[in-house]
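The structure presented is a predicted model; accordingly, all values stated were derived computationally and were not measured.
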Amino acid sequence: MRVLLLGGTGEARALAAALVERGVDVETSLAGRVADPVLPVGGLRVGGFGGVDGLAAHADAFDAVVDATHPFAETISGNAARALAEPGSPPLLRLARPGWSEPAGTGVRPWVRVPDHETAAAAVLGHGERPFLTIGRQHLAAFTGPLAHLPVLARVVDAPEVAVPGAWTLLRSRGPYEPAGERTLLTEHRVDVLVTKDSGGPLTWPKMLAAAEAGIACVVVERPAPPAGVTLVEDVAAAVAWVSALAAETGEGTSGA
């Protein structure tokens, strides 16, 4: 059983480990956008496929493909759905962790949900003057113009490719984060509005809790819709079960099936 895993997330690494343990031949594909990624077990390839046709050609050597990329990795998820839509293509599964739910409690401000980063930048101006941006370096360009005059705190893993305004503070850091540290960060920088994507998962959830406790407004960019017609699961166990069922159906087998 050979599985091509489109990775880059904690769920992808956990799935690779679970499948390799069961005797599945796994190749994880990383886009190569993170300078020092945490690497999975099993086989590894780094770099793009050259579009839909390139992905389709590469996937032909596998029995199944699991798209476990970030919930906001809209391009690669769309390419995978188109590449594997033809009859005879390997089956495709989308593994995407569930989104966040708003914290409850007295004094907690309702989230401002917006459809994209450009709308998020505009929403900031109506909810605060000291924003904390946690939307990743690839989307900073949507904010550098509208928020250039504000004392923005922007947290990223790798250095951004766009010029950061002089009034901004750039913080390079990689999670996971703890609630106490996030509370301290919000207090020290006098943050009054948090901007984030609905990434889901526990890795960066503490910032949402800290903001809720402090009564800070949260502008949340909603996820893009998943590709139509693709089977979707929300956790690693369900993805392992899908691969195991497919192996049993095709006669490939896994040691854990």
*Pick one: which of E213, E188, E178 meets side-chain hydrogen bond (donor to acceptor under 3.5 Å, both in side chains) with R183?*
E213
Which heavy atom of [X] sits nearest to which heavy atom of [Y], and what is that distance?
X	Y	result
P131	V124	CG-CG1, 3.6 Å
A64	L246	CB-CD2, 3.4 Å
L44	E27	N-CG, 4.3 Å
S29	G47	OG-O, 4.2 Å
S77	P227	O-CG, 3.6 Å
V65	P90	CG2-CB, 4.3 Å

Is there a side-chain contact between [X] and [Y] (heavy atoms, below 4.5 Å)?
X	Y	result
H117	K197	yes
L15	V240	yes
L125	L150	yes
I216	R109	no
T204	Y177	yes
E11	H70	no
L95	T9	no
T169	P151	no

Does [X] reach the main-chain N or O of [Y] with its side chain, forming a donor-acceptor pair under 3.5 Å?
X	Y	answer
R130	H189	yes
R97	P71	no
D63	R2	yes
R223	D198	yes

*Check whether more than 12 heavy atoms from other residues, nucleotides or ligands sit under 6.0 Å from atom CZ of R190, and answer yes or no.*
no
*Heavy-atom neighbours of D53 CG exceed 12 at 6.0 Å*: no
Gap separating the [atom1] atom of [X] from the [atom2] atom of [Y], nearest 0.5 angstrom:
X	Y	atom1	atom2	value
L92	T231	CG	OG1	8.0 Å
D192	H127	CG	NE2	11.0 Å
L5	F62	CG	CZ	10.0 Å
F72	Q138	CZ	CD	12.5 Å
S89	R82	OG	CZ	13.5 Å
L55	L4	CG	CG	7.0 Å

Is it possible for you to say whether [X] and [Y] belong to one hydrophobic cluster, with membership spreading through side-chain heavy-atom contacts below 4.5 Å?
X	Y	result
W111	L194	yes
L170	I135	yes
V156	F132	no
V52	L84	no
V236	V41	yes

_Quick check on the 6.0 Å ring-centre criterion: do H139 and F143 meet it?_
no
*asked:* If you apply the rule side chain to side chain contact (heavy atoms under 4.5 Å, CB included), what do you find for R155 with L185, and how did you get there?
replied: CA-CA 11 Å; R155 184 166 67 190; L185 188 67; 3.6 Å; yes
_Evaluate L30 against L39 for side chain to side chain contact (heavy atoms under 4.5 Å, CB included), listing each step before the verdict._
CA-CA 9 Å; L30 301 179; L39 299 180; 4.0 Å; yes
*When you check the gap from the basic side-chain N to the acidic O, do R94 and D67 get nearer than 4.0 Å?*
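A salt bridge links R94 with D67.
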*May I ask you to decide if the ring planes of W205 and W100 are parallel, tilted or perpendicular, using 30° and 60° as cut-offs?*
tilted
